[in-house]
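Below is one structure, written out as structure tokens; comments come after it.
Everything quoted here is computed from the prediction, not taken from an experiment. Both ligands and their constituent atoms are indexed starting at 1 by order of listing. Values below: all heavy atoms of this structure, side chains included; hydrogens, waters and symmetry mates excluded.
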Amino acid sequence: MIDSEGRKVNYLRLSITDRCNLRCRYCMPAGGVKPIAREDILSFEECLLLARTAVELGIEKIRVTGGEPLVRKGVIDFLERLANIPALKMLALTTNGLMLKEKVFQLKDAGVRRLNVSLDSLRPEVFEEISRSEAAGLKRILEGIRLAVGSGIPVKINTVMMRGINDGEILDFIRLAEELSLTVRFIEYMPVLQDGDWRTRVVSGHEILEAIERRYHLDPLSRTAMCGPARDYRISGTRATIGVITPVFTHFCNECNRIRVTSEGRVKSCLFSEKQIDLRQVLRSGDTEALRQTLLRVVSGKPPGRPFTEDRATARFPMSRIGG
Ligand code: SAM
Ligand code: SF4
């Protein structure tokens with residue numbers, strides 16, 4: 001699918017639940033988010049119909065996300081069915097890693113080809129502060145990551161950088177990346193929860209790269225058709241790679257190749273646009289032609305560029321509802 005700006009849209013981020021077993025402070029308010037009624041969440045059959053239609057129209061990569069996707073009952077069977085869609089080139093999953101330990105081999109057998117594990121601190125007390133959950137979770141997540149690496153699934157760790165909270169850990173994450181030969185992606189913190197002091201919290205991708213380059217030499221990696229918005233580098237002489245994702249300071253709208261579908265079936269062609277189209281009614285009507293036309297309309301209406309701006313910092317949209 002090509003949008004009106006000539007961008008090839010080949011990547012779908014599909015959220016399968018709004019529920020989560022963590023309460024990360026950059027993602028949802030302390031009291032959590034009012035759960036969506038079960039009957040309003042797309043069934044796996046509806047998700048599969050959506051995915052098959054999207055793939056027929058040109059989607060090549062699907063990333064399953066949440067909330068926390070691994071908390072949804074039946075997720076492994078669903079992933080396997082998704083992976084079996086013939087023209088789908090890449091099935092990926094984003095998880096907070098808390099349940100990875102138990103599920104990693106099932107995920108691999110189901111056909112998940114890449115895992116992104118969100119982890120913001122390697123220090124138990126900081127992990128506890130950011131995720132508003134027990135420090136013991138950190139050990140479980142790290143065990144899950146090690147098992148995943150051992151299983152042969154490529155793993156990326158996603159780390160949201162926040163000044164004064166975890167920005168002193170950049171080099172610790174790099175050492176972990178070196179030890180496990182994996183990728184760490186540092187993400188600029190997006191103030192999506194009307195966070196008054198967000199300016200003091202955001203660490204720019206530029207600053208992150210500078211901090212790394214004081215210790216390491218970085219070799220830029222070439223970009224592939226499905227690599228998304230990260231700028232990736234190899235830590236010279238090692239098998240570790242790092243990336244920076246810069247939604248706040250360096251806009252990448254001109255390269256945006258994605259659409260997002262929430263667990264209640266709302267499709268967004270731009271993270272920072274309020275515009276959403278309700279797919280649930282179309283999916284529940286079973287009218288596949290109407291579904292195709294709606295998806296094509298979503299892509300053709302994708303805004304040319306809607307970068308992060310001041311007013312976006314005051315719009316409130318918990319990421320757990322959108323899937324990141
Ligand atoms: N629960 C899963 C997880 O944490 O990986 C999947 C859903 S989570 C919403 C997807 C991604 O969004 C995570 O990598 C998370 O770090 C990122 N995210 C959430 N809120 C964010 C924010 N305010 N700024 C930057 N990234 C954010
Ligand atoms: Fe849950 Fe992921 Fe949001 Fe953390 S970032 S609260 S793990 S959905």
Side-chain angles (χ1 to χ4, degrees), residues 13-33 35-36 62-72 75 92-100 103 107 112 114-121 126-134 137-138 140-141 144-145 148 155-163 165-167 173 183-195 197-199 201-205 208 228-230 243-250 252 258 260-263 268 271-272 308 312-324:
R13 292 181 69 100
L14 178 62
S15 170
I16 57 167
T17 181
D18 63 326
R19 303 330 193 237
C20 190
N21 44 7
L22 294 182
R23 291 270 172 284
C24 304
R25 37 185 75 240
Y26 52 72
C27 178
M28 57 167 91
V33 180
I36 298 168
I62 297 181
R63 174 174 299 283
V64 172
T65 175
E68 172 47 40
L70 296 186
V71 301
R72 184 159 173 186
V75 62
L93 179 89
T94 294
T95 171
N96 62 28
L98 263 187
M99 297 170 74
L100 196 53
K103 298 214 187 292
L107 291 170
V112 173
R114 283 180 202 273
L115 276 176
N116 281 13
V117 183
S118 305
L119 179 61
D120 305 310
S121 177
V126 181
F127 172 82
E128 194 173 66
E129 186 195 338
I130 298 176
S131 67
R132 299 193 185 102
S133 75
E134 289 176 14
L138 173 59
R140 292 178 56 79
I141 296 168
I145 291 174
V155 177
K156 291 192 174 103
I157 296 179
N158 282 352
T159 303
V160 177
M161 267 298 126
M162 288 162 288
R163 195 181 310 283
I165 299 181
N166 63 350
D167 57 331
F173 274 104
T183 302
V184 181
R185 276 171 162 183
F186 299 101
I187 307 175
E188 286 175 355
Y189 158 64
M190 290 181 277
V192 295
L193 294 173
Q194 292 177 336
D195 170 0
D197 68 352
W198 69 273
R199 286 174 183 289
R201 287 271 174 255
V202 186
V203 186
S204 72
I208 295 167
V244 284
I245 302 185
T246 55
V248 177
F249 288 106
T250 314
F252 36 73
R258 62 192 59 194
R260 296 173 163 83
V261 176
T262 70
S263 55
K268 277 173 84 73
L271 180 61
F272 293 129
F308 184 86
R312 310 260 171 274
T314 53
R316 196 178 170 85
F317 59 101
M319 290 291 255
S320 60
R321 277 274 172 96
I322 300 171

Atom 19 (C) of ligand 1 touched by protein (heavy atom, under 4.0 Å):
yes

Which residue and heavy atom of the protein sit nearest atom 9 (C) of ligand 1, plus the separation:
Met319 O, 3.6 Å

Below 4.0 angstrom from a heavy atom of Ser118, which ligand 1 atoms are there? Numbered from 1 as shown, please.
3 (C), 4 (O), 5 (O), 13 (C), 14 (O)

Under 4.0 Å from one or more heavy atoms of Glu188, ligand 1 contributes atoms 25 (C)

For Gly67, take its heavy atoms, then give the atoms of ligand 1 lying under 4.0 Å from any of them.
1 (N), 2 (C), 6 (C), 7 (C)

Quick one: which ligand 2 atoms are inside 4.0 Å of a heavy atom on Gly67?
8 (S)

Within a distance under 4.0 Å of any heavy atom of Met28, pick out the atoms of ligand 2 and give their elements.
6 (S)

Closest protein heavy atom to atom 21 (C) of ligand 1, given as residue, atom name and distance to 0.1 Å
Tyr26 CD1, 3.4 Å

Looking only at protein heavy atoms, which one is nearest to atom 10 (C) of ligand 1, and how far off is it?
Gly323 O, 3.5 Å

Do any N/O atoms on Met190 end up under 3.5 angstrom from N/O atoms on ligand 1?
yes

Can you confirm, on distance only, whether ligand 1 has an N/O atom lying under 3.5 Å from any N/O atom belonging to Asn116?
no

At what distance, to the nearest 0.5 angstrom, does CG of Leu98 lie from NZ of Lys103?
12.0 Å

So, Glu68 side chain and Leu22 main chain: donor-acceptor pair closer than 3.5 Å or not?
no

Are the side chains of Pro69 and Thr94 in touch, meaning some heavy atoms are under 4.5 Å apart?
no

Against heavy atoms of Asn158, which atoms of ligand 1 measure under 4.0 Å?
14 (O)

If you measure every N/O of Arg13 against every N/O of ligand 1, is any gap under 3.5 Å?
no

If only atom types and distance count, is the side chain of Arg13 paired as donor or acceptor with the main-chain N or O of Ile322 below 3.5 Å?
no

Between the side chain of Arg114 and the main-chain N/O of Ala92, is any donor-acceptor distance below 3.5 Å?
no

Do Arg63 and Arg258 make a side-chain contact, defined as non-hydrogen atoms from C-beta onward lying under 4.5 Å apart?
no

Report, in ascending order of atom number, the atoms of ligand 1 lying under 4.0 Å from any heavy atom of Glu68.
1 (N), 2 (C)

In ligand 1, which numbered atoms sit nearer than 4.0 Å to a non-hydrogen atom of Thr65?
6 (C), 7 (C)

What atoms of ligand 2 come closer than 4.0 angstrom to any heavy atom of Asn96?
7 (S)

Leu119 and its side chain to side chain contact (heavy atoms under 4.5 Å, CB included) partner, picked from Val160, Asn166, Ile145
Ile145

Residue portion contacting ligand 2 (non-hydrogen atoms closer than 4.0 Å) for Cys24
both

Who's the nearest protein heavy-atom neighbour of atom 12 (O) of ligand 1, and how far?
Gly324 CA, 3.4 Å

Side chain or backbone of Thr95 under 4.0 Å from ligand 1, or both, or neither, by non-hydrogen atoms?
backbone

For Arg19 and Ile36, indicate whether the former's side chain and the latter's backbone hold a donor-acceptor pair under 3.5 Å.
yes

Examine Cys27 and say whether one of its N/O/S atoms is closer to atom 4 (Fe) of ligand 2 than 2.8 Å.
no

I would like to know whether Leu93 and Leu70 meet side chain to side chain contact (heavy atoms under 4.5 Å, CB included); could you show each step before the answer?
CA-CA 9 Å; Leu93 179 89; Leu70 296 186; 3.8 Å; yes

Rounded to the nearest 0.5 Å, how far does OG of Ser320 lie from OH of Tyr26?
11.0 Å

For the pair Arg132 (side chain) and Arg23 (backbone), establish whether a donor and an acceptor sit closer than 3.5 Å, ignoring hydrogens and angles.
yes

dist Met99:CE -> Leu107:CG (nearest 0.5 Å) comes out at 10.0 Å

Tell me the protein heavy atom at minimum distance from atom 26 (N) of ligand 1, and give that distance in Å.
Val160 CG2, 3.6 Å

So how far is it from Ile141 CD1 to Leu100 CG, rounded to the nearest 0.5 Å?
9.0 Å

Heavy atoms only: which of Gly32, Cys20, Gly66, Ser15 lies closest to atom 1 (Fe) of ligand 2?
Cys20

